[in-house]
Amino acid sequence: MNDIVTAGLIVWVAMAIPAIVHGLVLANRSGKPLVLAASACLFLPWLGLLFLTDSRPAGARKVVGLGHYCISMYVVAAVMAIISIFPDWVVGDPQYLGGVDGYAPRDVVLLAIVVAALALALIAGAVGIRRGGDLSVAIVMGVIISLAAGMLAALVHLWGRAGLFNSDVRDIQDEVEANLNVGPGGWIALIALIVAYVCTVLLPLGLRVEAAPEPPSTIPQPPQGYPMPDPGAPGAAAQPGWAPPQQQWPTNTGAGW
């Protein structure tokens, strides 16, 4: 039971950290208290953002500086995830691995599909954020990546590294873990996941909303080719498209006028 509670806390913390950062950015945009945003996203990871979407400023959404870097690293992490499907994630003594010397996602079709789907989601999210600069796409990406990271960490805690691939070794994971090592595919996948997770935390800091500029006030100008008339000159005729300023007389000068 304690292991299940610990696994749940791992998933909760993994989802809460990026959710808090997204919540702080969204609260700053909508003018709501940052403490409220952090508290809501801590106790209700991602769901707490629903309390912060009442008002969003109008304007052009742009990706700046840090956002461009995170988008690029999303693509790098996706490529690394695809590559990690083929090398072994876990290597060790075949005696403890059911007669094989290593496990890779290529040996478990469902796991390979999950890894490939996450890689495609990273690429699609990078393209969507790059084109729109919208925080809502970043939130969707954050939910996917933080949930994947939390679930992977929780399952490794419950089942061990080899238990991800072979259910027969889950009950003896303490004995098995002493005879296992992380293979090249495992390191590639781990680095890709860390990169994607860190980018998920930092990405909202690279998304900006620029308010639309106010239209400049226009003042009627005389037509080109005509000199500016002197409204005080006798016999001055008003030019088409230009009106002389109206004379304002004082209504109360204190002198009895």
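Note that the structure is predicted; figures quoted are calculated from it, not measured. Positions are given from 1, in the same order as the sequence printed here.
Of all heavy-atom pairs between Leu180 and Ala162, the closest is CD1-CB, 3.6 Å. Closest heavy-atom contact between Cys199 and Met73: SG-CB, 3.4 Å. Shortest non-hydrogen contact noted between Ala112 and Ile85 is O-CD1, 3.8 Å. Heavy atoms only, all atoms of each residue included: Met80 and Ile188 are closest at O-CG2, 3.2 Å. Cys70 and Leu202 make their closest contact through SG-CB, 3.9 Å (heavy atoms, listed as atom of the first residue, atom of the second, distance). Residue Leu158 comes nearest to Ile4 through the heavy atom pair CD2-N, 4.1 Å, listed as atom of the first residue, atom of the second, then distance.
To the nearest 0.5 angstrom, Ile10 atom CD1 is 9.5 Å from Leu155 atom CG. For the atom pair CG of Leu111 and CG of Leu152, the computed distance is 8.5 Å after rounding to the nearest 0.5 Å. Considering CG of Leu49 and OG of Ser136, their distance stands at 11.5 Å, rounded to 0.5 Å. Rounded to the nearest 0.5 Å, atoms CD1 (Ile17) and OH (Tyr197) are 4.0 Å apart. Here the OH atom belonging to Tyr74 is positioned 5.0 Å from the CG atom belonging to Leu203, to the nearest 0.5 angstrom. Distance NE2/His157 to OG1/Thr6: 4.5 Å, rounded to 0.5 Å.
Ring-plane geometry between Trp46 and His22 is classed as perpendicular, the angle between the planes exceeding 60 degrees on a 0 to 90 degree scale with a lower cut at 30.
Ile82 and Val75 sit in two unconnected hydrophobic clusters of ILVMFWY residues. Membership requires side-chain heavy atoms under 4.5 Å apart, directly or through other members. Transitive grouping of hydrophobic side chains (ILVMFWY, heavy atoms separated by less than 4.5 Å) brings Val137 and Val198 into a common cluster. Under the 4.5 Å side-chain contact rule for hydrophobic residues, Val13 and Leu147 share a cluster. Both Val140 and Val114 sit in one connected hydrophobic cluster of ILVMFWY residues. Membership requires side-chain heavy atoms under 4.5 Å apart, directly or through other members. Connection of Trp89 to Leu118 is not established within any shared hydrophobic cluster, with ILVMFWY side chains joined at heavy-atom distances below 4.5 Å, either directly or through further cluster members.
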ask   = Yes or no on side-chain contact (heavy atoms from CB on, under 4.5 Å) for Val21 and Leu24, after CA distance, side-chain angles and deciding distance?
value = CA-CA 5 Å; Val21 179; Leu24 293 176; 5.6 Å; no
task = For side-chain contact (heavy atoms from CB on, under 4.5 Å), just list the numbers for Leu135 and Leu26, CA-CA rounded to whole Å, side-chain angles, deciding distance to a tenth of an Å, and then say yes or no.
result = CA-CA 8 Å; Leu135 190 62; Leu26 194 57; 3.9 Å; yes
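Between Asp107 and Phe165, the closest side-chain pair of non-hydrogen atoms is not below 4.5 Å. A 4.5 Å side-chain heavy-atom check between Ile145 and Leu122 finds at least one atom pair inside the cut-off. Residues Ser146 and Thr200 are not in side-chain contact: their nearest non-hydrogen atoms beyond the backbone lie 4.5 Å or more apart. Side-chain contact between Val182 and Leu190 is absent, with no heavy-atom pair separated by less than 4.5 Å. Ile20 is listed as a side-chain neighbour of Leu42, based on a closest heavy-atom distance under 4.5 Å.
Of the possible polar contacts, one joining the Lys32 side chain to the Phe51 backbone as a donor-acceptor pair under 3.5 Å is found.
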